[in-house]
Amino acid sequence: NRFQLGLNIAQIKQYTLIHNIDSIALAYSYVKALHKEFSSPQTVLFVGMDFLAAEACVIRFSNESYEILSYESSSKVGTQSINSLILQEVEKNAKRLLQIQDGLEMLPSVYPKIYPKVIECRNRYSSSCSDFSESISGILENEAFPFVVEFESLSERVKEEGLCDAFCEMVKQCLEKTENCKLDAVLPINRNVLMTPFLTSLNALLKSCGQDISFSFLSES
(Lines give C-alpha, C1' and ligand atoms only; values in the text may rest on other atoms or scores of the structure.)
Protein backbone atom coordinates (compact mmCIF):
# COMPACT_ATOMS: atom_id res chain seq x y z
CA ASN A 1 0.00 0.00 0.00
CA ARG A 2 2.83 2.41 0.80
CA PHE A 3 4.53 1.55 -2.48
CA GLN A 4 1.32 2.27 -4.37
CA LEU A 5 0.89 5.53 -2.47
CA GLY A 6 4.41 6.56 -3.43
CA LEU A 7 3.66 5.87 -7.08
CA ASN A 8 0.53 7.99 -6.89
CA ILE A 9 2.42 10.87 -5.28
CA ALA A 10 5.07 10.63 -8.00
CA GLN A 11 2.28 10.43 -10.62
CA ILE A 12 3.66 7.20 -12.05
CA LYS A 13 0.93 5.36 -13.96
CA GLN A 14 2.84 2.43 -15.46
CA TYR A 15 5.63 0.39 -13.91
CA THR A 16 7.20 -3.08 -13.84
CA LEU A 17 7.76 -4.60 -10.42
CA ILE A 18 10.81 -6.89 -10.38
CA HIS A 19 11.10 -9.15 -7.35
CA ASN A 20 14.41 -9.64 -5.57
CA ILE A 21 15.24 -13.07 -7.03
CA ASP A 22 14.50 -11.92 -10.56
CA SER A 23 16.68 -8.85 -10.07
CA ILE A 24 19.51 -11.09 -8.87
CA ALA A 25 19.09 -13.36 -11.88
CA LEU A 26 18.96 -10.46 -14.33
CA ALA A 27 21.98 -8.72 -12.81
CA TYR A 28 24.04 -11.92 -13.02
CA SER A 29 22.97 -13.16 -16.43
CA TYR A 30 22.45 -10.07 -18.59
CA VAL A 31 26.01 -9.49 -19.82
CA LYS A 32 26.87 -13.20 -19.83
CA ALA A 33 23.83 -14.07 -21.93
CA LEU A 34 24.41 -11.07 -24.19
CA HIS A 35 27.88 -12.40 -25.03
CA LYS A 36 26.67 -16.03 -25.22
CA GLU A 37 28.86 -17.10 -22.30
CA PHE A 38 26.55 -19.93 -21.23
CA SER A 39 27.87 -22.68 -23.51
CA SER A 40 25.71 -25.05 -21.47
CA PRO A 41 23.09 -24.44 -18.76
CA GLN A 42 24.67 -23.23 -15.51
CA THR A 43 23.15 -23.78 -12.07
CA VAL A 44 24.04 -21.25 -9.37
CA LEU A 45 23.28 -21.10 -5.65
CA PHE A 46 22.92 -17.52 -4.38
CA VAL A 47 23.04 -16.81 -0.64
CA GLY A 48 22.48 -13.53 1.15
CA MET A 49 21.67 -11.94 4.48
CA ASP A 50 19.79 -8.73 5.21
CA PHE A 51 18.91 -7.00 8.47
CA LEU A 52 15.98 -9.23 9.38
CA ALA A 53 16.46 -12.42 7.37
CA ALA A 54 18.71 -14.58 5.23
CA GLU A 55 17.79 -16.08 1.86
CA ALA A 56 19.00 -18.66 -0.62
CA CYS A 57 17.94 -19.45 -4.16
CA VAL A 58 19.06 -21.83 -6.90
CA ILE A 59 18.78 -20.51 -10.45
CA ARG A 60 19.57 -22.27 -13.75
CA PHE A 61 20.84 -20.03 -16.51
CA SER A 62 21.16 -20.37 -20.27
CA ASN A 63 21.80 -17.85 -23.03
CA GLU A 64 18.07 -17.57 -23.68
CA SER A 65 16.49 -17.64 -20.23
CA TYR A 66 16.77 -18.40 -16.53
CA GLU A 67 14.70 -20.65 -14.30
CA ILE A 68 14.31 -20.24 -10.54
CA LEU A 69 14.54 -23.81 -9.23
CA SER A 70 14.08 -23.11 -5.53
CA TYR A 71 13.96 -20.38 -2.90
CA GLU A 72 14.15 -20.34 0.90
CA SER A 73 14.40 -17.63 3.54
CA SER A 74 14.86 -17.62 7.31
CA SER A 75 14.08 -14.95 9.87
CA LYS A 76 16.19 -16.84 12.44
CA VAL A 77 19.38 -15.19 11.20
CA GLY A 78 20.08 -11.65 10.01
CA THR A 79 22.60 -8.85 10.40
CA GLN A 80 20.69 -7.45 13.36
CA SER A 81 21.72 -10.58 15.26
CA ILE A 82 25.36 -10.14 14.21
CA ASN A 83 25.27 -6.44 15.16
CA SER A 84 23.98 -7.30 18.61
CA LEU A 85 26.79 -9.80 19.17
CA ILE A 86 29.40 -7.29 17.95
CA LEU A 87 28.10 -4.71 20.41
CA GLN A 88 28.27 -7.25 23.22
CA GLU A 89 31.90 -7.98 22.33
CA VAL A 90 32.66 -4.24 22.22
CA GLU A 91 31.08 -3.76 25.65
CA LYS A 92 32.99 -6.71 27.13
CA ASN A 93 36.33 -5.48 25.82
CA ALA A 94 35.62 -1.84 26.73
CA LYS A 95 34.97 -2.88 30.35
CA ARG A 96 38.25 -4.81 30.37
CA LEU A 97 40.35 -2.08 28.74
CA LEU A 98 38.83 0.85 30.62
CA GLN A 99 38.53 -1.13 33.85
CA ILE A 100 34.93 -0.10 34.46
CA GLN A 101 31.87 -1.98 35.67
CA ASP A 102 29.13 0.01 33.95
CA GLY A 103 27.75 -1.06 30.57
CA LEU A 104 27.36 1.01 27.41
CA GLU A 105 23.90 2.12 28.55
CA MET A 106 25.71 4.55 30.84
CA LEU A 107 27.01 6.33 27.73
CA PRO A 108 23.87 7.55 25.90
CA SER A 109 25.82 8.98 22.96
CA VAL A 110 27.82 5.84 22.27
CA TYR A 111 25.49 3.93 19.92
CA PRO A 112 25.12 6.44 17.04
CA LYS A 113 28.86 7.09 17.13
CA ILE A 114 29.98 3.47 17.05
CA TYR A 115 27.29 2.02 14.76
CA PRO A 116 29.23 2.81 11.53
CA LYS A 117 32.11 0.87 13.08
CA VAL A 118 29.80 -2.08 13.67
CA ILE A 119 29.12 -2.27 9.92
CA GLU A 120 32.81 -1.84 9.12
CA CYS A 121 33.71 -4.54 11.62
CA ARG A 122 31.17 -6.91 10.09
CA ASN A 123 32.52 -6.25 6.59
CA ARG A 124 36.09 -7.04 7.67
CA TYR A 125 35.05 -10.22 9.45
CA SER A 126 37.15 -12.77 7.53
CA SER A 127 39.67 -15.55 8.10
CA SER A 128 42.52 -13.25 7.11
CA CYS A 129 41.94 -10.95 10.12
CA SER A 130 42.15 -11.80 13.81
CA ASP A 131 40.39 -8.72 15.19
CA PHE A 132 38.98 -5.28 14.54
CA SER A 133 40.30 -2.41 16.63
CA GLU A 134 39.55 1.33 16.46
CA SER A 135 39.72 4.24 18.88
CA ILE A 136 36.70 6.55 18.78
CA SER A 137 36.86 10.08 20.13
CA GLY A 138 34.00 12.23 21.40
CA ILE A 139 32.44 9.61 23.65
CA LEU A 140 34.57 9.71 26.79
CA GLU A 141 35.80 12.91 28.38
CA ASN A 142 39.48 12.13 28.86
CA GLU A 143 40.31 9.28 26.47
CA ALA A 144 39.28 7.59 23.24
CA PHE A 145 36.65 4.87 23.40
CA PRO A 146 38.10 1.43 22.47
CA PHE A 147 36.11 -0.41 19.80
CA VAL A 148 37.72 -3.84 19.98
CA VAL A 149 36.29 -7.11 18.64
CA GLU A 150 38.22 -10.38 18.59
CA PHE A 151 36.91 -12.40 15.65
CA GLU A 152 37.56 -15.81 17.23
CA SER A 153 35.41 -14.87 20.22
CA LEU A 154 32.74 -13.44 17.94
CA SER A 155 32.74 -16.62 15.82
CA GLU A 156 32.13 -18.67 18.95
CA ARG A 157 29.19 -16.47 19.90
CA VAL A 158 27.71 -16.72 16.38
CA LYS A 159 27.81 -20.52 16.63
CA GLU A 160 26.52 -20.59 20.21
CA GLU A 161 23.51 -18.51 19.22
CA GLY A 162 22.67 -21.04 16.50
CA LEU A 163 23.00 -18.54 13.66
CA CYS A 164 25.20 -20.81 11.55
CA ASP A 165 22.81 -23.72 12.08
CA ALA A 166 19.81 -21.61 11.04
CA PHE A 167 21.64 -20.35 7.97
CA CYS A 168 22.74 -23.81 6.85
CA GLU A 169 19.31 -25.33 7.51
CA MET A 170 17.82 -22.72 5.18
CA VAL A 171 20.38 -23.50 2.46
CA LYS A 172 19.87 -27.24 2.93
CA GLN A 173 16.11 -26.90 2.44
CA CYS A 174 16.74 -24.83 -0.68
CA LEU A 175 19.05 -27.52 -2.13
CA GLU A 176 16.66 -30.34 -1.21
CA LYS A 177 13.94 -28.69 -3.30
CA THR A 178 16.18 -29.20 -6.32
CA GLU A 179 17.00 -32.78 -5.24
CA ASN A 180 20.58 -31.58 -4.70
CA CYS A 181 21.18 -30.94 -8.39
CA LYS A 182 24.83 -30.30 -9.28
CA LEU A 183 25.89 -26.69 -8.68
CA ASP A 184 28.27 -24.87 -11.00
CA ALA A 185 28.82 -21.89 -8.68
CA VAL A 186 27.94 -20.46 -5.27
CA LEU A 187 27.73 -16.66 -5.16
CA PRO A 188 26.85 -14.03 -2.52
CA ILE A 189 23.82 -11.80 -2.90
CA ASN A 190 25.60 -9.38 -0.57
CA ARG A 191 28.80 -9.39 1.46
CA ASN A 192 27.04 -10.12 4.77
CA VAL A 193 27.37 -13.88 4.14
CA LEU A 194 31.15 -13.64 3.69
CA MET A 195 31.79 -13.77 7.44
CA THR A 196 34.07 -16.67 8.39
CA PRO A 197 31.67 -18.84 10.47
CA PHE A 198 29.04 -18.78 7.71
CA LEU A 199 31.63 -19.58 5.01
CA THR A 200 32.97 -22.51 7.02
CA SER A 201 29.52 -23.89 7.84
CA LEU A 202 28.26 -23.51 4.28
CA ASN A 203 31.29 -25.30 2.82
CA ALA A 204 30.80 -28.17 5.26
CA LEU A 205 27.15 -28.38 4.20
CA LEU A 206 28.02 -28.36 0.49
CA LYS A 207 30.50 -31.18 1.03
CA SER A 208 27.95 -33.24 2.98
CA CYS A 209 25.47 -32.76 0.13
CA GLY A 210 27.98 -34.12 -2.39
CA GLN A 211 28.59 -30.78 -4.07
CA ASP A 212 32.10 -30.58 -5.53
CA ILE A 213 32.30 -26.83 -4.98
CA SER A 214 33.20 -24.38 -2.23
CA PHE A 215 32.33 -20.84 -1.23
CA SER A 216 35.07 -18.38 -0.33
CA PHE A 217 35.65 -14.73 0.49
CA LEU A 218 36.95 -14.35 -3.11
CA SER A 219 33.43 -15.19 -4.31
CA GLU A 220 32.57 -11.54 -3.64
CA SER A 221 34.36 -10.55 -6.87
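No hydrogens, no waters, no symmetry mates; every other heavy atom, side chains included, goes into these values.
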Do the side chain of K207 and the main chain of D212 share a donor and acceptor less than 3.5 angstrom apart?
no
K95 NZ to E91 CD distance, which is reported to the nearest 0.5 Å
4.5 Å
I'd like to know whether L187 forms a side chain to side chain contact (heavy atoms under 4.5 Å, CB included) with V47, so could you lay out the CA-CA distance, the side-chain angles of the two residues, the decisive distance to 0.1 Å, and finally the verdict.
CA-CA 7 Å; L187 296 173; V47 289; over 6 Å; no
Heavy-atom side-chain proximity of L87 to I114 below 4.5 angstrom:
yes
Q42 and R60: side-chain donor and acceptor closer than 3.5 Å?
no
Nearest 0.5 Å, what's the CG-CD distance between L7 and Q14?
12.0 Å
Sub-4.5 Å side-chain heavy-atom contact between C174 and V58
yes
Do the non-hydrogen side-chain atoms of P197 and Y125 ever get within less than 4.5 Å of each other?
yes
Can you check side chain to side chain contact (heavy atoms under 4.5 Å, CB included) on N123 and R191, steps first, answer last?
CA-CA 7 Å; N123 289 341; R191 66 175 295 116; 3.3 Å; yes
Between L85 and L163, is the side chain to side chain contact (heavy atoms under 4.5 Å, CB included) condition met? List the steps.
CA-CA 11 Å; L85 294 179; L163 302 183; 4.0 Å; yes
Establish, yes or no, whether a centroid distance under 6.0 Å links the rings of Y15 and F3.
yes
To check you understand the geometry: which heavy-atom pair defines the closest contact between L199 and L194, and what is its length?
CD1-O, 3.3 Å
With a 4.5 Å heavy-atom cut-off, do E134 and E120 have their side chains touching?
yes
Would you give the length of the straight line joining atom CD of Q4 to atom CD1 of I9, rounded to the nearest 0.5 angstrom?
12.0 Å
Compare every heavy atom of V158 with every heavy atom of C164, then report the nearest pair and how far apart it is.
SG-CG1, 3.8 Å
Which atom pair, heavy atoms only, marks the closest approach of N20 to E55?
ND2-OE2, 2.7 Å
Taking only Lys NZ, Arg NE, NH1 and NH2, and the carboxylate oxygens of Asp or Glu, determine whether R157 and E160 approach each other closer than 4.0 Å.
yes
Just checking, any donor-acceptor pair under 3.5 angstrom between side chains of K76 and S81?
no
Once rounded to the nearest 0.5 Å, what's the spacing between atom CD1 of I213 and atom CG of L45?
8.5 Å
Quick check against the 3.5 Å criterion: does S62 have a side-chain atom that pairs as donor or acceptor with the backbone of S65?
yes
Would you say the side chains of N192 and D50 form a donor-acceptor pair under 3.5 Å?
no
Taking all non-hydrogen atoms of both residues, which atom of F167 and which atom of G48 are closest, and how far apart?
CE1-O, 4.4 Å
For the residue pair L206 and V186, establish whether any side-chain heavy-atom pair is separated by less than 4.5 Å.
yes
From CA spacing to verdict: side chain to side chain contact (heavy atoms under 4.5 Å, CB included), F151, C129
CA-CA 8 Å; F151 286 143; C129 300; 3.8 Å; yes
For atom NZ of K172, is the number of surrounding heavy atoms from other residues, nucleotides or ligands below 6.0 Å larger than 12?
no
Heavy-atom side-chain contact between F46 and I21 under 4.5 Å:
no
Between V148 and I136, is there shared hydrophobic-cluster membership here, with clusters defined by ILVMFWY side-chain heavy atoms closer than 4.5 Å?
no
Minimal heavy-atom distance between P146 and V90, with the atoms involved, is O-CG1, 4.3 Å
Short question: side chain of T196, backbone of S127 - any donor-acceptor pair under 3.5 Å?
yes
Between K159 and S201, does a side-chain hydrogen bond (donor to acceptor under 3.5 Å, both in side chains) hold up when you go through it step by step?
CA-CA 10 Å; K159 294 174 183 177; S201 299; over 6 Å; no
Can you classify the ring geometry of F147 versus F132 as parallel (below 30°), tilted (30 to 60°) or perpendicular (above 60°)?
perpendicular
Search all heavy atoms of Q211 against all heavy atoms of N180 and return the closest pair with its distance.
NE2-O, 3.5 Å
How are the rings of F38 and Y28 set to each other: parallel, tilted or perpendicular (split at 30° and 60°)?
tilted
Same cluster or not: I86 versus L97, using hydrophobic residues (I, L, V, M, F, W, Y) connected whenever any side-chain heavy atoms lie under 4.5 Å apart?
no
Taking the side chain as everything from C-beta on, heavy atoms only, tell me whether T43 gets closer than 4.5 Å to K182.
no
May I ask you to test the L69-E67 pair for a side-chain heavy-atom distance under 4.5 Å?
yes
Without swapping roles, check the side chain of S84 against the backbone of Q80 for a donor-acceptor pair under 3.5 Å.
no
Starting at SG of C57, measure out to CD1 of I59 and round the result to the nearest 0.5 Å.
4.0 Å
Report the distance from atom CE of M170 to atom CG of L202, rounding to the nearest 0.5 Å.
8.5 Å
Regarding S130 and E150, do their side chains bring together a donor and an acceptor under 3.5 Å, going by distance alone?
no
Ignoring hydrogens and angles, tell me if any N or O in the side chain of N93 forms a donor-acceptor pair with the backbone of E89 under 3.5 Å.
yes
